[in-house]
Amino acid sequence: MKKSTKQLGALLVLGTAAIALAQGTTFLTIGSGSTTGVYFPVATGMAKMVNDAGAGVRANARSTGGSVFNVNAIATGELDAAVAQNDVVYYAYKGTGLQAFQGKANTKLRTMAVLYPEVLHVVARKDSGIRSIADLKGKRVVIGDLGSGTELTAKQVLESYGLGFDDLGQALRVSPAQGITLMQDKRADALFYTVGVGASAISQIAQTVDVTMVPVSGNQASSLIKKYPFYVRYNIPAKSYKGVGATVPSVAVQATLVTSTAVSEEAVYKAMKAIFDDEAALKAIHPSLATNFSYAKAVKGIPAPLHAGAVKFFKEKGLNVK
């Protein structure tokens, strides 16, 4: 029965695409992430805006494994567009960084718009004495799973302070969930985690352990952003977490809507108009967009060149883009 249901669902999608093609309509499949995450409701909301516009483009949102899957699926044509972290898109475009992309640069990747920040949190136990990134030297630090984006971010941030993993007392390559446990059990002094502000994982640590949020700022942040253009500055607001009483400067990667040169300028332009023309309607999709999205921010921290259709749209909005 389940198999028949899946087959019926597949036929319905194919049928919708066939009708769209017969009517001279472009059909876009937008990749997102887990149904429990932020990417999925954002992509679903955007697909609805495209469909409601009735401008010759139809769209559906698809739950996926997230950023790495999405950019690979765009490369194969399985997806037409997707939401993905801009650092992952940058590595895929350049064919570097993550093992999944090494030596396989996808120069056809294109940016539609930057959506909202996913912020680097460097959380330290207050009793560890860590107050700056430099203080991580000789400490036990959770740097993310082996080969993860968090591990790479930790490496790049430490480099900007003249440190490497070898300078740490112990580089703990574990998941965020395992990292929380290590922090709570006093088996880790600090933790790197890139996630939206207010994330339950960080809140959980702050509720159970006295913590300090370690800043990434000054010349070090400037050199990091200059070397890796997908980063932007971001201030974690005061009182975002228990015990964090003041604003903490940091950096962020960005959730980004991407596509490829395989999608026409006309189709991308029409999708852009449908999704981004009414900024208030876009922000109503999700609090992450409501709090952070603007046209000016949408073209900062771009990980791959703007698609020609996006260039046309943003120029109409008065932005100097190319």
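Note that the structure is a prediction, hence the values are computed from the model and not measured. Residue numbers count from 1 along this sequence.
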When rounded to the nearest 0.5 angstrom, what is the spacing between [atom1] in [X] and [atom2] in [Y]?
X      : Y      : atom1 : atom2 : answer
Ser128 : Asp135 : OG    : CG    : 8.0 Å
Ile30  : Thr44  : CD1   : OG1   : 8.5 Å
Arg110 : Tyr93  : CZ    : OH    : 5.5 Å
Glu279 : Leu289 : CD    : CG    : 10.0 Å
Lys137 : Tyr161 : NZ    : OH    : 15.5 Å
Ser250 : Met213 : OG    : CE    : 9.0 Å

For Tyr241 and Ile236, run side chain to side chain contact (heavy atoms under 4.5 Å, CB included): C-alpha distance rounded to whole Å, both residues' side-chain angles, the deciding distance at 0.1 Å, then the answer.
-> CA-CA 10 Å; Tyr241 305 100; Ile236 299 172; 4.2 Å; yes

Is it true that [Y] and [X] share a donor-acceptor pair across their side chains at a distance under 3.5 Å?
X      : Y      : value
Thr181 : Gln178 : no
Thr247 : Asn235 : no
Asp145 : Ser175 : no
Thr208 : Gln184 : yes

So, the side chain of [X] versus the backbone of [Y]: is there a donor-acceptor pair under 3.5 Å, distance only?
X      : Y      : value
Lys312 : Glu265 : no
Asp167 : Leu163 : no
Thr111 : Ala304 : yes
Ser260 : Ala262 : yes
Thr64  : Ser32  : yes
Asn86  : Pro303 : no
Asn106 : Ala92  : no
Arg125 : Met183 : yes
Ser160 : Val157 : yes
Asp185 : Arg187 : no

Under 4.0 Å between a side-chain nitrogen and a carboxylate oxygen: does that hold for [X] and [Y]?
X      : Y      : result
Asp277 : Lys317 : yes
Glu151 : Arg173 : yes
Lys270 : Glu266 : yes
Arg140 : Asp189 : yes
Lys155 : Glu159 : yes

Looking at every heavy atom in both [X] and [Y], which two are closest together, and how far apart are they?
X      : Y      : value
Val71  : Val89  : CG1-CG2, 3.9 Å
Val211 : Lys242 : CG2-O, 4.3 Å
Val311 : Val321 : O-CG2, 3.8 Å
Ala190 : Ile130 : CB-CD1, 4.0 Å
Asn70  : Ala82  : CB-CB, 3.6 Å
Ala171 : Ile143 : CB-CD1, 3.8 Å

Using the test side chain to side chain contact (heavy atoms under 4.5 Å, CB included), find all partners of [X] that sit at least two apart in sequence or belong to another chain.
X      : result
Pro176 : Tyr193
Val114 : Gln254, Thr256, Ile302
Asp52  : Lys48

Less than 4.5 Å apart, side chain to side chain, heavy atoms only: is that true for [X] and [Y]?
X      : Y      : value
Val141 : Leu172 : no
Val268 : Met112 : yes
Gln156 : Lys227 : no
Val216 : Tyr234 : no
Leu158 : Leu136 : yes
Val214 : His121 : no
Leu115 : Phe276 : yes
Met46  : Ile285 : yes

Intermediate values then yes/no, salt bridge (charged side-chain N to carboxylate O under 4.0 Å, His left out), Arg62 and Glu78 = CA-CA 11 Å; Arg62 178 179 154 193; Glu78 185 178 345; 2.6 Å; yes

Within a radius of less than 6.0 Å around NZ of Lys297, do more than 12 heavy atoms belonging to other residues, nucleotides or ligands occur?
-> yes

Evaluate whether atom NZ of Lys283 has more than 12 neighbouring non-hydrogen atoms of other residues, nucleotides or ligands under 6.0 angstrom away.
-> yes

Are Tyr269 and His307 near enough that their ring centres are under 6.0 Å apart?
-> no

May I ask you to check whether Tyr90 and Tyr228 place their ring centres under 6.0 Å from each other?
-> no

Just say parallel, tilted or perpendicular for the rings of Tyr295 and Phe293, cut-offs at 30° and 60°.
-> perpendicular

His286 and Tyr116 aromatic ring geometry - parallel, tilted or perpendicular at 30°/60° bounds | parallel

Show your working on side chain to side chain contact (heavy atoms under 4.5 Å, CB included) between Thr194 and Val119 and close with a plain yes or no.
-> CA-CA 5 Å; Thr194 302; Val119 185; over 6 Å; no

Is there a side chain to side chain contact (heavy atoms under 4.5 Å, CB included) between Thr96 and Phe101 once you walk through the steps?
-> CA-CA 6 Å; Thr96 186; Phe101 310 132; over 6 Å; no

When you look at Ile225 and Val232, which way does the side chain to side chain contact (heavy atoms under 4.5 Å, CB included) test go after all the steps?
-> CA-CA 7 Å; Ile225 293 165; Val232 294; 5.8 Å; no

